[in-house]
Every structure is written in C-alpha cells, then in structure tokens.
**Student:** 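Below is a structure I'd like to ask you about.
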Protein chains: 2
Amino acid sequence: MGASIKDVAKRAGVSVTSVSRVLNSEKYISQRILEKVNQAIEELNYSPSQIARSLKKQKTSTIGIIVPDLTNYFCSTILSSIEESASEYGYNLIVCNIAENLEKELKYLHAVQEMRVDGIIIMHQKVNQRILSFIESASMPILFSCVRSPLPGRFSVLINDYQAALDATEYLIGLGHRRIAFLGGDLGDVTAGYSRYQGYLDALHKSGIPLNHDFIKFGNYKLESGRVMMQEILEQGECPTVVFAASDDMAVGAMNCILDYGLSVPEDISVMGFDDSLIAKAVRPMLTTMQQPVRELGRISLEYLHTLIEDPDQPDCRDIYLPHRIMERASCRRL
Amino acid sequence: MGASIKDVAKRAGVSVTSVSRVLNSEKYISQRILEKVNQAIEELNYSPSQIARSLKKQKTSTIGIIVPDLTNYFCSTILSSIEESASEYGYNLIVCNIAENLEKELKYLHAVQEMRVDGIIIMHQKVNQRILSFIESASMPILFSCVRSPLPGRFSVLINDYQAALDATEYLIGLGHRRIAFLGGDLGDVTAGYSRYQGYLDALHKSGIPLNHDFIKFGNYKLESGRVMMQEILEQGECPTVVFAASDDMAVGAMNCILDYGLSVPEDISVMGFDDSLIAKAVRPMLTTMQQPVRELGRISLEYLHTLIEDPDQPDCRDIYLPHRIMERASCRRL
DNA sequence: CTGAAAGCGCTAACAA
DNA sequence: TTGTTAGCGCTTTCAG
C-alpha cells in the first residue's frame, strides 16, 4: 500500500501532527518543517487518505444524488449543472441511477447513508412507504431537485409545474387552438405527472373548452412513449390541432409520429414540449416548449443543500420556486 | 450522531465482534445472538459506517469515473450502462464531469485517489503531462473506456475507430458518393479525432478519390459545431454529396444546417453520423450512422475493471475491441 | 461459538 | 511552534 502520514512524518523527521498541519495548511508552521514535510511527501508520492480523514472529522465532503434516468437528457443536464457547483464547493458526487426502479432507489439510499454522505439530492418523485420512512428518519439533509417533496416541510427547488402547464396551455389557447391534446407523465408522479395535468385541465376549464378524453394520454416521459400515444390519437379519428406534451422527449416522439404519418408540423398539427432540453433545438421544426431553468435549478439545488449541510436548522424557505418561461420556436402555429 | 457498533453491542449485551459478525453474515453465530443483535440494530436504527469499514479493509467498493461531458448523449448513455453493471457488482460511482477542462480532470484524479477508490474509468482522451504521470504512478487500476489509452500497455475497451471510419466511408463510396465531406473531432484526440480521420482518409485513398480540403473540417463533437462546419462548407461553393461526421451530434447539427438552407436530406445532401446515440433515431430523416455498442462497451468496461481490481496482475489482453456496425437509416441515399 | 484488543490513517485536544 | 496521545467505527487475529 501507499505511504501513510506516519511514513511521511518519519521520513521528514517530524511528528505526524506537523505533517497533518502542513496537509491542512494551518498557520504556525515553521518554514523548515514545511519544506521537510513537502519534500517527504514528494519523495514518497504520498496521497492523504480522505477516508481516514472522513472518519475522524465525521464529514465526507460527498453528496449522493438519486437520478431517475441517466439516459434522459433533462436529467443529465441537471446532473451536469449540479456537478459543476458541487465541484466548486468541494463536494464529490455519488451518482445513483435508479432507472425507475424503486428497489434500487432504496438500496442506493441505504448505500449513501452508509457512506455517510453529507447530504442527498433526490430528483425522483415516486416513492413507496419504505423510501418515505427512510427520508423521515435520515440523519443527513435531503433535498428534492426538480420535483416536489413527497413529504410536507421538506426542502425542494423546482419550478411551479402546475402554473407552467397552465401557462403553456393558455398560450396554446391564445394561439387559437381549442382541440388540444395532452401527453402526460405518470399521474402518480405528483410534480410532473399530476401537476402538469392539472394545469392543462384548469386552463381548458377557464376558457370553457370542453374536455375530450380521447385527447389525453399518459406515458413515461420518453421519446418512444410520445410516439405511441400520438399514434393512438391519430388512429382514433378526430384530430387535435395541437399536442402539448409533459416532456420534450415525448413531444419529439409525437412530432416524429406526425411526420411519419405524412403530416406536417406545425401546418397540420402543432406540438409543444416541456423542459427545453437540448433536443428541443436539435429537431426540425424546432420545438416550442416550456423552459425549465436547468442551470439555475442545478446550481441553486446544490447551494441550498450546502447551506443545509452547514447549518441543518434552516428555519424557513423550505421550497424554492424558479421561474419558467415559454420558448417560442417553430412547432406551434397560430390558427 | 447515529449509533455505532459499540452502541449496538452494548444494547444487545454482546461484544462488538459479534455485532460485526452478524453485520457481515458470517457463519458460526448462534441464533440467540443473531436475534439480539438484529433487534438492537432495529431499535437503534443503526447504519454501519462504510467509511470505517473501508479504512479497516483498505477497500472502498467505489470507483471513480472521469466523463468528458455529461451533457453529451453518448457519454451519459455509456455512463448509464456502466452504472448498471457497477450496481450489480456492488460498486458505487463517483462521477467526475470534467467538461473538457484538463485542470479539473487532474483535480478529480487526485480527489478520487484520496478517496481511495478501488479503480478508475477514464472516458476522456486528451491528456497533459501531469495527467500522464498521474496515470503512470497511480496505485489503483485505471481503465480507458471508449477511448484508446494514451499510454501503451494500459487497459482499454473500445471499438476500432479507424476501421469503423474506414468502413463508414467505404459504405458511402459504395453508395456511389465521391464528394464526401468529413466533419471530425479534435485531431489531438487520438481515438475519435485522429483515428476516425485516418479511416476516412485511407478509404478515399484506397478508392482513388482525390482529397478535397474544403470538405474537411474539425469541431468539438457537439451539435452546434456540426452546424458551423456545415455552414462553412455550404458557403464555400462546391457542395459534397454526403457529409460524414465523427459524432451523431455533429451530424445532426450539419443536417439541420442543410435543412435550414432549404435543401433536403438525403435528396440534396446525405448525412452519416457516428455513435448511434439516441438522437440518431429522434431526428427526421433518421440518421444513418456507425453504431458503437454502447451497452456492451459500458458493461465490459466495468467487468474488466472489476477483474483488474480483484487481480491487479492481469497479464495479457490489455485492449478489448468490440464490434462496430453500420445502422442504415434514412439520411444517406444511393447516388 | 464468543470476546478482547490491536490497528486502519487521520485530526484535535492538550502539553510542552 | 511542535509533539504525544486518544479516539473516529469498524474488522480481524488470537485466545478462550
């Protein structure tokens, strides 16, 4: 094995304390010791053990992050921006991809707890009883990012999904649409599933547009899911003039389905997405979508968690809502 | 703080050794002790400290993974498949996103070394001298995934990028194309940059097609980069009949540029990508591309690293090449 | 089958 | 300024 602090001390002819001191660049170390220690470190190619340090200090500078699905563009972008801030604050990230598997999530939750991470970020919405009770009894701060906390009084940073979906739908109505299809996520998913659906519903209601249940489908946020739902709608007979999807991926899936049917977007059917992930600008026509402020969401999530770690008794301000915004591009036309 | 093994021992009225034994489900523990310990664990809501365990066992069950850019679809997909295998093998992943920043890479390399990860996977190609010497003197196994090792005799799992680019170009030639543009990555990037470029060059040469330097551009693998390069080519006057890009993202960028110019793909210009990442199927026309076997690449990378960790003295088989394959879709036409 | 005790590599009183 | 020493929470001989 590699050299330990003891070896360095011996080699430098000083005490381990002195070595520790230079390692942590404390004050009150003589130039002489500093040099000798640094030389010994060099010669031994010494690398201090973060894990011994963690054990002693009861703090790991590590945070666990539970991601629903790494292959989802929105997730990996948020992850990337969380990572950026984490790196600035000196945290390392344990990434837990649960691939929509609650058992795996629970396993990971226990794993990061045993690793004594300083905090946990959860980007996943659906929970079961065991996960809930884990969250309740966890000893480290847990923050929900981009989803609403399943438990009241917990911390989360996200957009107001209900309002965003409502705004999006009203935007579409403002464009003259009345036959508006909705491609939702799982209703059990309170944030993106349920809230966005409610926003859609209420917008229609406010404008006195009757509900057409053939225009409402639920999927899993993925590309393929959007395609399948759109196909169902198309096969059903009556056509919407626009389809509003609860994720960009589903919107693109739907758009491709429309295109593959030989129809055009937005001439025949308009399409609106949600997220403004990179794919929105990668497709043609470019997707009109509801933007989530990805970089801010990530950055603020991390900063918030950081303050929670430093001072676990944060009194107020348990939820932080960031502004959403419509990105008008080419996939929605005025009727 | 939470309960320690000592607290559990006290509560259960047994020695810490016994607690440790049931924690590790060793043999030779009486039913009586087992029950008492489990009950104490339950009552105290005890969670064993992985970091104390790591310190003692000199092994963390953690691996560090250096990713060039999380917002790149190919990367996050590989990451996801590595994660899947890692989870099966009981490893936790420290994800290090270097965002093309070598200083950050070096910082992360040292960080994971200090965290005493059991192994490191590097998915990044470009290195500098300090990174090189880190790799040379590192005490844990390091494996390169999807890129060729910058040092001879190191371990890597990847496809044969040269051959793949050659095959792709020959496929295009077979389709009747002779004016074939190439959108490459950084030439300093030996794997994807240099090798793919060489493959392109050699394929042209073998078919006696003269080089047109106006048809050769280098970018950074990203969408926007593909768009910019394509625009340069289009503005230059003479038009290629097909453009072969060293990444799907660049291919899509190029395709969008062509579309935005009012031309069609593949009628006016064909486009071929590289990677077969999710975006290839998300765009219209669907991208014809050179497929990298993403899931296998990820799985085998992890399994290989695992064997290296278990037995660091692996003698042979330092590089593993996986098969590539052309995915014929709709973006390339026969001339 | 069970327990006592040493020690993994480090930090932080406390002394000097 | 510097050094001695007692743990942090666990595993692992080694005895019993």
Side-chain angles (χ1 to χ4, degrees), chain A residues 1-38 40-41 44-62 110-118 139-140, chain B residues 1-38 40-41 44-62 110-118 139-140:
Chain A
M1 263 309 294
S4 80
I5 197 173
K6 234 182 203 159
D7 302 318
V8 176
K10 199 170 296 170
R11 176 126 192 167
V14 301
S15 74
V16 292
T17 313
S18 293
V19 178
S20 174
R21 289 204 177 99
V22 348
L23 251 28
N24 297 285
S25 36
E26 283 175 26
K27 296 174 68 174
Y28 309 131
I29 17 180
S30 68
Q31 192 61 29
R32 224 187 72 261
I33 287 213
L34 187 81
E35 280 165 12
K36 285 199 296 185
V37 168
N38 277 329
I41 286 176
L44 293 165
N45 192 19
Y46 169 69
S47 160
S49 164
Q50 192 55 246
I51 91 134
R53 187 176 294 177
S54 297
L55 181 59
K56 180 67 200 183
K57 312 226 308 195
Q58 300 290 66
K59 142 170 208 353
T60 54
S61 297
T62 290
H110 281 111
V112 295
Q113 159 158 283
E114 294 187 353
M115 293 179 82
R116 299 294 188 260
V117 295
D118 294 338
S139 56
M140 63 277 284
Chain B
M1 263 310 293
S4 79
I5 196 172
K6 234 180 203 161
D7 303 317
V8 176
K10 198 170 296 172
R11 177 126 192 167
V14 302
S15 72
V16 293
T17 313
S18 291
V19 178
S20 173
R21 288 203 178 101
V22 348
L23 250 27
N24 298 285
S25 35
E26 283 173 27
K27 294 174 70 174
Y28 309 131
I29 16 181
S30 68
Q31 192 61 30
R32 225 187 71 260
I33 288 215
L34 187 80
E35 280 165 11
K36 284 200 295 185
V37 168
N38 277 329
I41 287 176
L44 294 165
N45 193 19
Y46 169 68
S47 161
S49 164
Q50 194 54 247
I51 90 134
R53 188 177 302 189
S54 296
L55 181 60
K56 182 67 200 180
K57 311 223 311 194
Q58 301 290 69
K59 142 168 210 353
T60 54
S61 297
T62 289
H110 281 112
V112 295
Q113 161 159 280
E114 294 187 352
M115 293 180 81
R116 300 290 188 264
V117 295
D118 294 339
S139 57
M140 64 276 286

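A note on names: the letters A, B, ... follow the listed sequences, proteins ahead of strands, and every chain is numbered from 1.
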**Student:** Nearest 0.5 angstrom please: B:Ile5 CD1 to B:Ile41 CD1, how far?
**Tutor:**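 B:Ile5 atom CD1 to B:Ile41 atom CD1 measures 8.5 Å (nearest 0.5 Å).
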
**Student:** Please check if the number of heavy atoms outside A:Lys59 that lie under 6.0 Å from its NZ is greater than 12.
**Tutor:** yes

**Student:** Over all heavy atoms of both residues, which pair between B:Val22 and B:Ile29 is shortest? Give the atoms and the distance, please.
**Tutor:**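 Heavy atoms of B:Val22 and B:Ile29 come nearest at CA-CD1, 4.1 Å.
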
**Student:** Should B:Gln58 be listed as having a side-chain N or O under 4.0 Å from OP1 or OP2 of D:dT11?
**Tutor:**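 Answer no for this pair, as no side-chain N or O of B:Gln58 is under 4.0 Å from OP1 or OP2.
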
**Student:** Can you check each nucleotide of nucleotides 10-16 of chain C against protein heavy atoms at under 4.0 Å and return B for base, S for sugar-phosphate only, - for none, in 5' to 3' order?
**Tutor:** BBBB---

**Student:** Which pair of heavy atoms, one from A:Ala40 and one from A:Arg11, lies closest together, and at what distance?
**Tutor:**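 Scanning both residues, the minimum pair turns out to be CB-CG, 3.7 Å.
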
**Student:** With no hydrogens and no angle check, do the side chains of B:Ser47 and A:Arg116 hold a donor and an acceptor under 3.5 Å apart?
**Tutor:** yes

**Student:** Say you draw a straight line from CG of B:Asp118 to CD of B:Gln58; how long is it, rounded to the nearest 0.5 Å?
**Tutor:**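 If we round to the nearest 0.5 Å, B:Asp118:CG and B:Gln58:CD are 10.5 Å apart.
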
**Student:** Can you sort out which residues in residues 29-38 of chain A have a heavy atom within less than 4.0 Å of DNA chain D? Ascending by number, please.
**Tutor:**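 Close to the strand are A:Ile29, A:Ser30, A:Ile33.
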
**Student:** If you compare every side-chain N and O of A:Ser18 against the phosphate oxygens of D:dG3 (OP1, OP2), does one of them come in below 4.0 Å?
**Tutor:**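 Yes, within the criterion.
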
**Student:** Just by distance, do the side chain of A:Asn38 and the backbone of A:Glu35 share a donor-acceptor pair under 3.5 Å?
**Tutor:**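 Judged by distance alone, no pair lies under 3.5 Å.
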
**Student:** Over all heavy atoms of both residues, which pair between B:Leu55 and A:Ala52 is shortest? Give the atoms and the distance, please.
**Tutor:**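 Closest approach of B:Leu55 to A:Ala52: CD1-CB, 3.9 Å.
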
**Student:** 5'-most contact on DNA chain C: B:Tyr28 or B:Leu55, nearest heavy atom basis?
**Tutor:** B:Tyr28

**Student:** Can you measure B:Ile51 atom CD1 to D:dC8 atom C1' for me and round it to whole angstrom units?
**Tutor:**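 Value for this atom pair: 8 Å.
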
